Number of protein chains: 2
Amino acid sequence: MTGLLNELSAHGYKITPQRRIILQVLSESCRHLSVEEIGDKVKQIEPGISVATVYRNLNLLAEIGIVSRLDLHEGPARYELNQGHDHHLVCLGCGHAIKLGVCPMQGEIKKIIEESGFEVNSHHFEVTGYCQECQTRHRKP
Amino acid sequence: MTGLLNELSAHGYKITPQRRIILQVLSESCRHLSVEEIGDKVKQIEPGISVATVYRNLNLLAEIGIVSRLDLHEGPARYELNQGHDHHLVCLGCGHAIKLGVCPMQGEIKKIIEESGFEVNSHHFEVTGYCQECQTRHRKP
DNA sequence: CTCCTAAATAGTATCTATTATCAATTGCTA
DNA sequence: TAGCAATTGATAATAGATACTATTTAGGAG
Ligand SMILES: [Mn+2]
Ligand SMILES: [Mn+2]
Ligand SMILES: [Zn+2]
Ligand SMILES: [Zn+2]
């Protein structure tokens, strides 16, 4: 946690109570949270904090790499503490994003893209479907 | 073009002037268009058509597979006539989506996902960066 | 061909997610 | 500890898309 605060300082940003609390909430969660979820938890700790502040700081934290943003193809973006580059299996039933320990930007695909002359900035790979727990629930009807 | 109209009928949907024009616009374009762009072109042909109708019909056409929707990570969705499953190199400079002739959902990655017990519904792979034409423009400053 | 009805439409209101604005406050540094 | 840029809370504004509703229409039955 203090490491994260140092990271803020190192980038020239101030350590505010709001930022402490946002980082606390993120560090206490084991899954991706929407801004609304983060805001709710933040307000349980300190009710006066504005949702605008939550948005602002998540953008900032994502920019400097402290958090990573997960853009699903519908609904709001979700955030978690950055745990390095990864991709996810996103469950349409329960919404959980299961980490996939492998990245498609390597081997043959990487070579094809490089050879095309395109200058790669970033990439996204995301699989949607149903996790094992949700498969039973979903199969029935 | 008549093939596309038949497809609509075959699914039990009516062939309306609005739908004809939307399909005409899509078939005359060689790239992904936003709803706004499609709406503008549609209104050049028939000014009375509502933007709501454009949205409604693009959703419908996507649902029955006549068009494919491209969700970028920011900005509005973009559409084109469905040319089969594919992925894109999306240029941050000019916005063009260059088709990538290869899919990461195969080989080792596919196997890993299958073995995880996750039931795959769909997948997205998208690379962002700068196309060759835009690289020069972008490098300078 | 004409009639009928479910489907579709135009116009507009509403919604969700996010950013912009701005006056008031506050963390940091000298 | 004073000063000031950075940050904040409150709220307005925006973008993109969907919901609603009265009206029109495509296309099948007769
Ligand atoms: Mn990757
Ligand atoms: Mn694919
Ligand atoms: Zn699930
Ligand atoms: Zn380009």
Side-chain angles (χ1 to χ4, degrees), chain A residues 2 4-25 32-64 66-67 69-79 95, chain B residues 2 4-25 32-40 42-64 66-79 95:
Chain A
T2 40
L4 301 175
L5 297 174
N6 289 346
E7 191 78 5
L8 269 175
S9 297
H11 283 266
Y13 297 108
K14 295 179 177 175
I15 295 173
T16 65
Q18 293 87 344
R19 286 174 178 166
R20 282 178 190 279
I21 291 170
I22 290 167
L23 286 172
Q24 181 193 332
V25 165
H32 289 81
L33 300 173
S34 68
V35 176
E36 193 181 5
E37 288 170 325
I38 295 168
D40 288 350
K41 286 171 196 285
V42 161
K43 282 179 180 172
Q44 276 173 239
I45 298 172
E46 183 58 57
I49 295 178
S50 164
V51 62
T53 297
V54 178
Y55 272 104
R56 260 191 313 249
N57 282 304
L58 288 170
N59 278 344
L60 174 69
L61 294 168
E63 207 167 292
I64 65 182
I66 291 180
V67 310
R69 185 196 323 248
L70 178 65
D71 273 316
L72 305 188
H73 288 261
E74 62 178 33
R78 311 185 78 85
Y79 296 83
Chain B
T2 40
L4 300 174
L5 297 174
N6 289 345
E7 192 77 4
L8 270 174
S9 297
H11 283 266
Y13 298 109
K14 294 180 177 175
I15 295 172
T16 65
Q18 292 86 345
R19 285 173 180 168
R20 280 176 191 280
I21 292 170
I22 290 168
L23 287 171
Q24 181 193 331
V25 165
H32 289 81
L33 300 173
S34 67
V35 175
E36 193 181 5
E37 289 170 325
I38 295 168
D40 288 349
V42 160
K43 283 179 180 173
Q44 276 174 240
I45 299 173
E46 182 58 55
I49 295 178
S50 164
V51 63
T53 297
V54 178
Y55 273 105
R56 259 191 314 252
N57 282 304
L58 288 170
N59 277 344
L60 174 69
L61 294 168
E63 208 167 290
I64 65 181
I66 291 180
V67 308
S68 66
R69 185 194 324 246
L70 178 65
D71 273 316
L72 305 188
H73 288 261
E74 61 178 32
R78 311 186 77 84
Y79 296 84

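Chain identifiers are assigned alphabetically (A, B, ...) following the order of the sequence lines, protein sequences preceding nucleic acid strands; residue numbering begins at 1 within each chain. From a predicted model like this one, the values you see are computed outputs, not experimental measurements. The basis for the numbers below is simple: all heavy atoms, side chains too, and nothing from hydrogens, waters or symmetry mates.
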S.K.: By the 4.0 Å heavy-atom rule, please label Pro47(B) as base, sugar-phosphate, or nothing.
M.R.: nothing
S.K.: 5'-most contact on DNA chain D: Asn59(B) or Thr16(B), nearest heavy atom basis?
M.R.: Asn59(B)
S.K.: Mind checking the CD1-CG spacing from Ile15(A) to Leu5(A)? Nearest 0.5 Å is all I need.
M.R.: 5.0 Å
S.K.: Within the structure shown, what part of the strands sits under 4.0 Å from Glu36(B) by heavy-atom distance: base, sugar-phosphate, or nothing?
M.R.: nothing
S.K.: Could you tell me whether Arg56(A) contacts a base, only the sugar-phosphate backbone, or nothing, with contacts defined as non-hydrogen atoms closer than 4.0 Å?
M.R.: base
S.K.: Give the first and the last nucleotide of DNA chain C, reading 5' to 3', that has any atom under 4.0 Å from a heavy atom of chain B.
M.R.: dA6(C) to dT12(C)
S.K.: Could you measure the distance from the CD1 atom of Ile45(A) to the CD1 atom of Ile21(A)? Nearest 0.5 Å is fine.
M.R.: 5.5 Å
S.K.: Taking side chain as C-beta onward, heavy atoms only, is Leu61(A) less than 4.5 Å from Ile22(A)?
M.R.: yes
S.K.: Are any side-chain N or O atoms of Arg19(A) and backbone N or O atoms of Lys14(A), one a donor and one an acceptor, separated by less than 3.5 Å?
M.R.: yes
S.K.: Can you give me the closest heavy-atom contact between Arg69(B) and Ala62(B), atom names plus distance?
M.R.: NH2-CB, 4.0 Å
S.K.: Got Leu33(A) and Lys41(A) here, is their nearest side-chain heavy-atom distance under 4.5 Å?
M.R.: yes
S.K.: As a quick check of understanding, evaluate side-chain contact (heavy atoms from CB on, under 4.5 Å) for Ile64(A) and Tyr13(A), giving each step before the final call.
M.R.: CA-CA 10 Å; Ile64(A) 65 182; Tyr13(A) 297 108; 3.9 Å; yes
S.K.: Need to verify one output field. Residue with the more 5' nearest nucleotide on DNA chain D, Gly48(A) or Ser9(B)?
M.R.: Gly48(A)
S.K.: What is the 5' to 3' range of DNA chain D, first to last nucleotide, that sits under 4.0 Å from any heavy atom of chain A?
M.R.: dA5(D) to dT11(D)
S.K.: Does the side chain of Thr53(B) reach to within under 4.5 Å of the side chain of Val42(B), using non-hydrogen atoms?
M.R.: no
